[in-house]
Amino acid sequence: MRYSKYFIPTYKEIPAEAEVTSHQLMLRAGLIRKLTSGIYTYLPAGLRCIKKVENIIRDEMNRAGAIELLMPAFQPAELWQESGRWDYYGRELLRFKDRHNRDACIGPTHEEIITDLVRKEIQSYKQMPVNFYQIQTKFRDEIRPRFGLMRGREFIMKDAYSFDVDDEGANRSYEIMHEAYSNIFGRCGLKFRAVEADTGAIGGSYSHEFMVLADTGEDQIISCTNCDYAANLEKAEVKPPELPSENGGQPMLTLEPVDTPHIKSVEEVTSFLGISPDRLIKTLIFVADKTVVAALVRGDHELNEAKLTAFLGAQSLELADAQLVEETTGAPIGFAGPAGLKVKLVADHAIKKMKNFVTGGNKKDVHLKNVNLDRDFEVDLFADLRIITPQDSCPKCGGEIQFGRGIEVGHIFKLGTKYSHALKALFLDEQGKEIPIIMGCYGIGVGRTVAAAIEQNHDKDGIIFPIPVAPFEVTVLPLQLHETAVKETAEKIYKELSDNDIDVLLDDRDERAGVKFNDADLLGIPVRVTVGVKGVKNGLVEIKMRGESASNSVPLQEASAIIREKVKSLYDSLK
RNA sequence: CGGGGCGUGGCGCAGUCUGGUAGCGCACCUGCUUUGGGAGCAGGGUGUCGGAGGUUCAAAUCCUCUCGCCCCGACCA
């Protein structure tokens, strides 16, 4: 490609709208432009990156035996009503009516569509296992789009759906995808980790997220320093505490109400009473699918709503509003306590161990001291309800855990029969018995993968693309275009590399050297070939790797071969 | 949805408090010089000041409404 005939509009200055590095650099390097919030045009060079990632994905998916197809973005409401998600999915689902006044939506994901296809086309166990995938534009009307391609409303996603006759097969399909994803992100040059994750709106029995490690990541992840356990913070299990051997030792003290005027928050109550937060119990009133539930966690712990939702088996979970809190507890917000509550009580395991603790008094400006489990109230169910803390140990091996941040670039789910059951995707097994297909689904954010690669690979001068993701593998910079020798040498190298299927960008613009160097650095092209008068006079050109500071001059005759070798070694280093 | 910030040429910004000819840098166009890390000089074009309404002799500036963008949060009592 000739720069002068191409379109890479770079910015010298950082656009005011961009906060995180990858977003800034994608705008500055001329990879993307914003149309409106969360919606971007992929400029030519940006599209090249996207296509490179897509092709790696395709290659690995095909290798894993998945079959590519392409489903519609337009989806009729009926299928979503059938799966139950028309009501459940919420406002992220972009809904509209067509000219016949029929409800429809733009697909944020395609479980319904693929399941509909499969239930019509697959009748026999002989047709499985099978895994269909597509690379397609999705639309999710995000609450808050941000960070450029990191969280857009319209974005390119690879989604795959596996169909198996039994659990064992489904697990195998899941493992194959796990493996394929590891290959894909490894080939993209990313430092990543697969972590256990919550299933969220997609549903299903278990899942893993593929996290690219980056401080600016939106997700918090924890990992064990001892074993291979790693999980999304909201998923990370907390080991139940070991119970004291003989009922706690210390005696129960007399229950005692205390006046706490306008003292509401954990912080206020603990400092007012001169106790530490782990002596207090927070009582949170929730509405789970229209039923009121009270959840108890220790004062210094944080309730994990994802866990509570999953534990209750609820579709939706919301914290009660002020009015409902008052109706339920008889007191304004800030004074709820478990004693005397008429609603279902669920409590975190840590509560079991506590003695003579403080709770709200269910009365304005009153808290209770020396409250005790079983004597003063009874808990319906205990569960792991809280967010893991650095003080907790690994739920698998008991080792020390560490916290980090990541960008979720891929997510795989074992769905089970959630959709096949709802949409009646059944097949006949060897005994002629009709049973639901076992499904799995697997997604990769293509644009987000490019953004994550930049987030993980950049310096003060710009992007340092891992070569498989880079828009071009090599850039050739003729510094003095008016010098015939320079121009011809650059053209020669350009041709030799192009003829050998190397993606080369020849910067044939009539620009000064500094401009070319800076743009090449900004765009992050892995190999830079500089052709200048002095070098050409001595039969030399200069080769510099974007990720290294040193450059070296090589004889012109060998240049093309050496460059190709450099390119190859960059790819090899990612195998 | 709540809070905060911002909308002035393609980009980055000043001007708004205190109303009075719309400015600066970069970019862009022309010419000359320059030519290995975002060149210099000279000349030039570029704006419905996000939009609507109002106040005023006069509005980028004051008032009202509205639209858009960015950031934080979204119930932790």
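Here is the naming used below: chain letters follow the sequence lines, and residue numbers restart at 1 for every chain. Since this is a predicted model, take the numbers as computed values, not measurements.
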Whether Tyr6(A) and Phe472(A) hold their rings parallel, tilted or perpendicular, with breakpoints at 30° and 60° = perpendicular
Mind checking Gln480(A) for me? I need base, sugar-phosphate or nothing, with any heavy atom below 4.0 Å counting as a touch.
-> base
Asn518(A) versus Asp461(A), side-chain donor and acceptor atoms under 3.5 Å = no
Has the side chain of Arg528(A) got a donor or acceptor atom sitting under 3.5 Å from an opposite partner on the base of G37(B)?
-> yes
Across the strands shown, which category fits Arg28(A) at heavy-atom distances under 4.0 angstrom: base, sugar-phosphate, nothing?
-> base
Within the modelled atom types, does a donor on one side and an acceptor on the other bring the side chain of Glu305(A) and the base of C76(B) under 3.5 Å apart?
-> yes
When you get a sec, tell me which of A74(B), C71(B), C11(B) is the closest nucleotide to the side chain of Phe147(A)?
-> C71(B)
Is there a Watson-Crick or G-U wobble partner for G68(B) with both distances under 3.5 Å, and if so, which one is it?
-> C6(B)
The nucleotide from G37(B), C13(B), G38(B) with an atom nearest the side chain of Val515(A) is G38(B)
Re A22(B): Watson-Crick or G-U wobble partner, both distances kept under 3.5 Å, found to be none
OP1, OP2 of A39(B) versus side-chain N and O of Arg512(A): anything below 4.0 Å?
-> yes
Considering only heavy side-chain atoms of Tyr11(A), the closest of C11(B), G37(B), A27(B) is C11(B)
Mate of G37(B) across any strand shown (Watson-Crick or G-U wobble, both atom pairs under 3.5 Å) is none
Would you mind pulling out the nucleotide paired to C76(B), Watson-Crick or G-U wobble, both distances under 3.5 Å?
-> none
Salt-bridge present (Arg405(A), Asp215(A); N to O < 4.0 Å) = no
Side chain of Glu13(A) only, please: which of G36(B), G12(B), G38(B) is the nearest?
-> G12(B)
Mind checking side chain to side chain donor-acceptor pair (under 3.5 Å) for His458(A) and listing every partner two or more places apart, or none if nothing turns up?
-> none
Have a look at Val297(A) and say if it touches a base, only the backbone sugar-phosphate, or nothing, with a 4.0 Å heavy-atom cut-off.
-> nothing
Near RNA chain B, under 4.0 Å by heavy atom, which residues of residues 32-39 of chain A?
-> Lys34(A), Thr36(A), Ser37(A)
Would you indicate which nucleotide in C26(B), C70(B), G36(B) comes nearest to any side-chain atom of Ala513(A)?
-> G36(B)
How long is the line joining CD1 of Ile285(A) and P of C76(B), in whole Å?
-> 14 Å
Side-chain contact check for Arg144(A): nearest option of C71(B), C26(B), G37(B) is C71(B)
Checking all strands, does Glu542(A) fall into the base, sugar-phosphate, or nothing category for heavy-atom contacts under 4.0 angstrom?
-> base
Asp508(A) side chain to Ser4(A) side chain, donor-acceptor N/O pair below 3.5 angstrom = yes
Rounding to the closest angstrom, what is the interatomic distance between U66(B) and A22(B) at atom C1'?
-> 25 Å
Are Arg146(A) and Glu218(A) close enough for a salt bridge, meaning some N to O gap below 4.0 Å?
-> yes
Assess whether atom NZ of Lys97(A) is packed by more than 12 heavy atoms of other residues, nucleotides or ligands within 6.0 Å.
-> yes
Indicate whether OP1 or OP2 belonging to C72(B) is found under 4.0 Å from a side-chain N or O atom of Arg146(A).
-> yes
Row check, Phe7(A) ring normal vs Arg509(A) NZ/CZ: under 6.0 Å, within 45° = no
